[in-house]
Amino acid sequence: MAAMLNLTVLEYHRVSGLKPQTVRILPSSSGNADKIIVGSTDGVLTVFGVKRGVMQNVFSTLGGPAIERIELLKDRIFVAAKNEVKGFSKKGKNFYNITTMLTEPIRSMALSDHNIRVSGEHVYSHYVDNVDQHHYMSLETVNDMLVVKLPADCESVPAIAFKADLQTVLACADRVLRVLEGSKCNLTVDLPEAPTAILLFRDKLRHDGRVLFGTDQGSVGVVQLAKNGYRHIWLLDGVAHASAVTALASYPITSQSGRDDIIVGREDGTVSIFSFVSSHDEDPPEEVFTTKLNSGIASVAGAKAHSKHHPEVVVGTFAGNILSLATDPAAATSATASHVTGSSTVATDAGTVDKLQQEIAQLESQIARANSGSKGNVYHPTRYPLRHSYTLRPKIASYLLSIEAPVPIKMVLLATDVPIDLLDVKGETAVTSFSKPESGQGLSATYRCQPGVSNLQIKVRSLEGQAGRLQAYVLLDVPDGLTHAFEYPIRALALHQRSNQPLPHHLPLSQLKITGGFSSADVNNWLEQCLPEVPSHTAAATDYTYTSTFLKTQVNIAFSSGKIAVLSDNWSTVCILKDVLMKAATAANQRVEVNEECHPDGASHVLSLLDPLLSDQIELTKQVEVLQALKELETQEGGVEGLTPEYANILSNADELLERYNAHPCHLERLYGIVTDLYIDCCKAKGKNGRARIPQVIEQLNEYDLSHLSSMFEEL
């Protein structure tokens, strides 16, 4: 077991804001302290040192377009902004400029002698001696890129053999690392989650070709690449609430094993250090330090900037703070902590509710003006840029709405036009209240933040089959009371996740086939309306496979011009897709023909997947009902003597039971809804109206027995 580190937080500098990978370290060649390189969103490149805890500026450039990426080649600094790359000496002389042919901003850059590789969201270009030599167009979004030297061989998944040593690796949003040779992708490495950051892991014990990756679900792992293939080395699986990895670095912070430690920065402001403690070089590292800062992490790097004798972690946040997590004992005397903690509270007293309702009314009046075309105070102010994301968390079958502002947030109002569940998030720093809109559809929720809170995360779970939109209004705690407004689509199959694995054919697969005069691009646009992670570009013939993060059922959609084929082990999923595709085709004036077939064993298969969820939730609900009765009895009688072991166990585990129930208060209702929707869909497939028998289905669910419930479906 690794010993936990104690580090001191120092604040070095502050800039307007940072993009990912825009804080780098310029190592000293004379044994002195290292210098820190920072590229800000206002286009200023700054290099500075630290002397006695005070920033000492080496040089700063004039402002310009936001700096998207910084990379080093020896002691030369290369900066990417828009579609340009500039080179600076360590003294600040601009010695190199090139305007690339990219039509989108550069997001990633990798350097080697005489070679510059750049990538936007989809387009990759490779320049050799300033001449554009190679191109690659990725249908999937490229999140990061690096250049790797491939060893000749490893015990690996076989692939097309590479000729040259140096190759480009693209980290793509479809959970794949693509290894390029020239303009071709010769190797795809499947990952369990989408890689958001990658790093060449130069392990001192060995090897070339090892790539460290962090994912959108918080996992960190290493994969070994070689000329003849690849193999996975280790994976630290992200916990259910782990935030996306936004930055990676390696540096000997602990020096326990003589190997570099791994530094991980996350979107929610968490910084973690992992150290290798095992003697076996392929065992994963252990976490030795973690802390959470006020802003999401844009960059992390190891250095000796505060003291040439003590290592530290230099951190750059999206809000523009340049901080140090220092091991130097002398740093403690000048340290200022920037660690914020808090907890969520539900508004209960009448005074708090009344005050909240007044603020909600004020915010809703702004919403009304925004929806009616009046600008009012609702807009996207450039003075206070807001970072926000809405990402699927498959392990908890819900979305995580993350909001971060450069100033404190006063209040957040969420409004939807379809029913959703807002789930508890541990560590929430806001008072929460809920209300139903007058129409009776959807939900409104208000999060009133505690003073100083600038980062808020909210878990959202939608209902499959219901499409709408989620609107968010963020009121900043500034004198002019500015409000940001933005919205996200709630898709009909929002809880489905793209998969790179083929659909198992042993499943009871129902079918849907649609033919017509549509193009493959038309179908791709239609699918984007109901499924997440649909690429904006598509090939002539495309095949998507999705897995339900809630039920674990699967669906495959294969399409080309004039043809769509859907296979799924969940008939309700097929029906939802059919409804969406037919509505889209009708809106586009496309005449189509439809053929469908419901597998006779499909319903029993889905019910078997639901069985453990239903059994667990029904039992939990019964225990909570008994617990409430026991507490009433305890209050009235002054105690509960002579309880059966079952009731005594419920009472002793009261806190755990209530926590589980309150985390998903509508869970049983949603499970009932899945069963009733499946029953109605199966009845439609048989040409029957199933709505009349829904009360009997509900009764059977209340007296739950899987065999009896399955019999109701078999009788159709």
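Source: prediction; values computed, not measured.
Minimum heavy-atom separation, Ile36 to Ala305: CD1-CB, 3.9 Å. Across Ile106 and Glu68, no two heavy atoms sit closer than the pair O-CB, 3.0 Å. Closest approach of Pro252 and Asp260 over heavy atoms only: CD-OD1, 3.3 Å. Residues Trp234 and Glu282 approach most closely at CD1-O, 3.7 Å, considering heavy atoms. Across every non-hydrogen atom of Val123 and Glu104, the tightest pair is N-OE2, 2.9 Å. For the residue pair Thr549 and Leu495, the shortest heavy atom distance occurs at OG1-O, 2.7 Å.
How far OH of Tyr546 is from OG1 of Thr553: 14.0 Å, rounded to the nearest 0.5 Å. Once rounded to the nearest 0.5 Å, the distance linking CZ of Phe559 with CG of Asp543 reads 9.0 Å. A distance of 11.0 Å separates OG of Ser28 from CG of Asp75, quoted to the nearest 0.5 Å. Annotation: the span from Arg107 atom CZ to Lys19 atom NZ amounts to 9.0 Å, rounded to 0.5 Å. Going from atom CZ of Phe78 over to atom CZ of Phe95 covers 4.0 Å, rounded to the nearest 0.5 Å. Here the CG atom belonging to Asn130 is positioned 11.0 Å from the NE2 atom belonging to His114, to the nearest 0.5 angstrom.
Under the 30°/60° scheme for interplanar angles, the aromatic rings of Tyr124 and His126 are found to be tilted.
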* Can you check side-chain contact (heavy atoms from CB on, under 4.5 Å) on Tyr136 and Arg178, steps first, answer last? -> CA-CA 11 Å; Tyr136 181 77; Arg178 287 178 168 80; 3.7 Å; yes

* Kindly determine whether Thr141 and Glu121 satisfy side chain to side chain donor-acceptor pair (under 3.5 Å), including the steps that lead there. => CA-CA 5 Å; Thr141 300; Glu121 281 197 351; 4.9 Å; no

* Test log, rule side chain to side chain donor-acceptor pair (under 3.5 Å), inputs Ser275 and Thr254 -> CA-CA 7 Å; Ser275 182; Thr254 63; 3.1 Å; yes

* To do: Show the numbers, then the answer: is there a side-chain contact (heavy atoms from CB on, under 4.5 Å) between Val314 and Asp34?
  => CA-CA 11 Å; Val314 177; Asp34 299 333; over 6 Å; no

* Decide side-chain contact (heavy atoms from CB on, under 4.5 Å) for Asn83 and Thr103; before the verdict, give the C-alpha distance in whole Å, the side-chain angles of both, and the deciding distance to 0.1 Å. => CA-CA 7 Å; Asn83 64 340; Thr103 56; over 6 Å; no

* **Leu493 and Val580: CA distance, side-chain angles, deciding distance, side-chain contact (heavy atoms from CB on, under 4.5 Å) verdict** => CA-CA 10 Å; Leu493 295 173; Val580 172; over 6 Å; no

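Side-chain contact, Gln497 with Thr547: no donor N or O sits under 3.5 Å from an acceptor N or O. A donor-acceptor contact under 3.5 angstrom links the side chains of Asp522 and Ser519, judged on distance only. Defined by atom type and a distance below 3.5 Å, a donor-acceptor pair is present between the side-chain atoms of Ser112 and Arg117. Using a 3.5 Å distance cut-off with no hydrogens or angles, the side chains of Ser568 and Asn570 do not pair a donor with an acceptor.
Looking only at distances, no side-chain donor or acceptor of Arg210 sits under 3.5 Å from a matching main-chain atom of Val222. At distances below 3.5 Å, at least one donor-acceptor pair connects side-chain atoms of Glu404 with backbone N or O atoms of Gly296. Between the Asp261 side chain and the Ile253 main chain, a donor and an acceptor come within less than 3.5 Å of each other. Proximity of a side-chain donor or acceptor of Glu533 to a complementary backbone N or O of Arg498 within less than 3.5 Å is detected. A donor-acceptor pair is defined here as one N or O able to donate and one able to accept, closer than 3.5 Å; no such pair exists between the side chain of Ser499 and the backbone of Thr545. Side-chain N or O atoms of Ser272 include none that pairs as donor or acceptor with a backbone N or O of Val264 at under 3.5 Å. Looking only at distances, no side-chain donor or acceptor of Asp569 sits under 3.5 Å from a matching main-chain atom of Pro508. A donor-acceptor distance shorter than 3.5 angstrom exists from the side chain of Thr196 to the backbone of Val245, with no hydrogens or angles considered. Distance alone, capped at 3.5 Å, places no donor-acceptor pair between the Tyr127 side chain and the Ile98 backbone. Judged purely by atom type and a 3.5 angstrom limit, Ser299 uses its side chain to pair as donor or acceptor with the backbone of Thr22.
Annotation: side chain of Leu531 is not in contact with side chain of Tyr544 (no heavy-atom distance under 4.5 Å). The side-chain heavy atoms of Lys90 and Ser29, taken from C-beta on, include a pair separated by under 4.5 Å. Between Leu577 and Cys530 there is a side-chain heavy-atom pair separated by less than 4.5 Å. Looking at Val179 and Tyr230, their side chains never come closer than 4.5 Å, going by heavy atoms from C-beta outward. For the pair His605/His599, no side-chain contact is recorded, criterion being any heavy-atom separation below 4.5 Å from C-beta on. Looking at His496 and Glu464, their side chains come closer than 4.5 Å, going by heavy atoms from C-beta outward. Counting heavy atoms from C-beta outward, Ser138 and Cys172 have side chains that approach closer than 4.5 Å. Counting heavy atoms from C-beta outward, His134 and Leu180 have side chains that stay 4.5 Å or more apart.
Taking a 6.0 Å sphere around NZ of Lys513, one finds it holds 12 or fewer heavy atoms contributed by other residues, nucleotides or ligands.
Under a 4.0 Å N-O distance rule, the pair Asp144/Arg69 qualifies as a salt bridge. A salt bridge links Glu193 to Lys395: at least one charged side-chain nitrogen sits closer than 4.0 Å to a carboxylate oxygen.
Tested against Val176 for a side-chain contact (heavy atoms from CB on, under 4.5 Å), the candidates Leu170, Leu187, Asn500 yield a single pass: Asn500.
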